[in-house]
Amino acid sequence: MGSTSLNISKSGTPKTRGPRFREDERTAKDLDDVLENIRACRACAGVLPHTPRPVVRVFPETRLLICGQAPGRRVHESGLPFTDPSGDRLRDWMGVDYQTFYADPRIGVAAQAFCYPGTAPKGGDYPPPPRCAELWRPQLLGALPRMELTLLVGGYAQGWALGGRAGRNMTETVRAWRDHAPDLLVLPHPSWRNTAWLRKNPWFEAEVIPYLRDRVRAILTPAHPRESGDPVLS
């Protein structure tokens, strides 16, 4: 008979480390291995206009994954995702403050590409290189088996995850957000370049944002597992 792994409680009573504990250990080890490889990746060295600096922030506890386009210049410099005005708007949409966004391991960020692609001559950043998602995304998602909600932020993330289910453009995809809930929620990019889009599409803040905040609140509550069910799609 195999041995049973024990640890000792504060009262001195042995506690059995059952199958769930060992599963958690395996998941954490798998994720650590994937993250180590991602952070060491130099597949785009010589292609990017700078030294690659992969930015990804996920944990074994992550339940809500934010998938955007790629790090911008400020994120490339800070090494933390969404340390820019886009992050401020995203946190407002989610209904979380700066400290919660970075301190709660149930929130993770893994963009389509992990390195800043550089700024295009006419302004704005270059698109995320497809090779990054091809190399790493299946491995990373496979090491996050307890995901409850993935935010697909912007057209590139939506196109990769939804494939033929994506609309002809970002507006069409986001307008059909109910078709992809509750596991996926499609959002426009929170860039301030999209301020005009938000003004033209007030239904987004009226319909999608309340649902998003309800989902985030449910995921971050202490009694966290899906005991109360998903918020109703109205």
Test salt bridge (charged side-chain N to carboxylate O under 4.0 Å, His left out) applied to R178 and E207, step by step | CA-CA 10 Å; R178 293 177 180 84; E207 300 172 11; 3.5 Å; yes
Taking all heavy atoms of [X] and all of [Y], pick out the closest pair and write down the distance.
| X | Y | result |
| --- | --- | --- |
| C115 | A70 | O-CB, 4.0 Å |
| C67 | Q112 | SG-OE1, 3.1 Å |
| L31 | P60 | CD2-N, 3.4 Å |
| V174 | P188 | CG2-N, 3.9 Å |
| M147 | L149 | CE-O, 3.3 Å |

Begin from the C-alpha positions of D32 and K29 and carry the test salt bridge (charged side-chain N to carboxylate O under 4.0 Å, His left out) through to its verdict.
-> CA-CA 5 Å; D32 284 345; K29 178 64 167 60; over 6 Å; no
For [X], what residues pass the side-chain contact (heavy atoms from CB on, under 4.5 Å) criterion, not counting sequence neighbours?
| X | answer |
| --- | --- |
| P130 | E134 |
| D125 | Y116, P117, T119 |
| P105 | F59, E61 |

Aromatic W93 / basic R213 pairing, under 6.0 angstrom, 45° off normal |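 Judged by the rule, R213 and W93 form no cation-pi pair.
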Do you see a donor-acceptor pair shorter than 3.5 Å between the side chains of T171 and W197?
->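 T171 vs W197: donor-acceptor pair found between side chains.
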When hydrophobic residues are tied together by side-chain contacts of less than 4.5 Å, even through go-betweens, does [X] share a cluster with [Y]?
| X | Y | value |
| --- | --- | --- |
| L135 | V47 | no |
| V153 | Y98 | yes |
| V75 | V58 | no |

Determine whether a donor-acceptor pair (N or O, by modelled atom type, separation under 3.5 Å) exists between the side chain of [X] and the backbone of [Y].
| X | Y | value |
| --- | --- | --- |
| R89 | S191 | yes |
| R131 | A43 | yes |
| N169 | E172 | yes |
| R215 | P182 | yes |

Carefully, step by step, assess T100 and D97 under the rule side-chain hydrogen bond (donor to acceptor under 3.5 Å, both in side chains).
-> CA-CA 5 Å; T100 300; D97 58 25; 2.7 Å; yes
Measure up the Y211 and W177 rings against each other and bin them: parallel (under 30°), tilted (30 to 60°), perpendicular (over 60°).
->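 Rings of Y211 and W177: tilted, as their planes differ by 30° to 60°.
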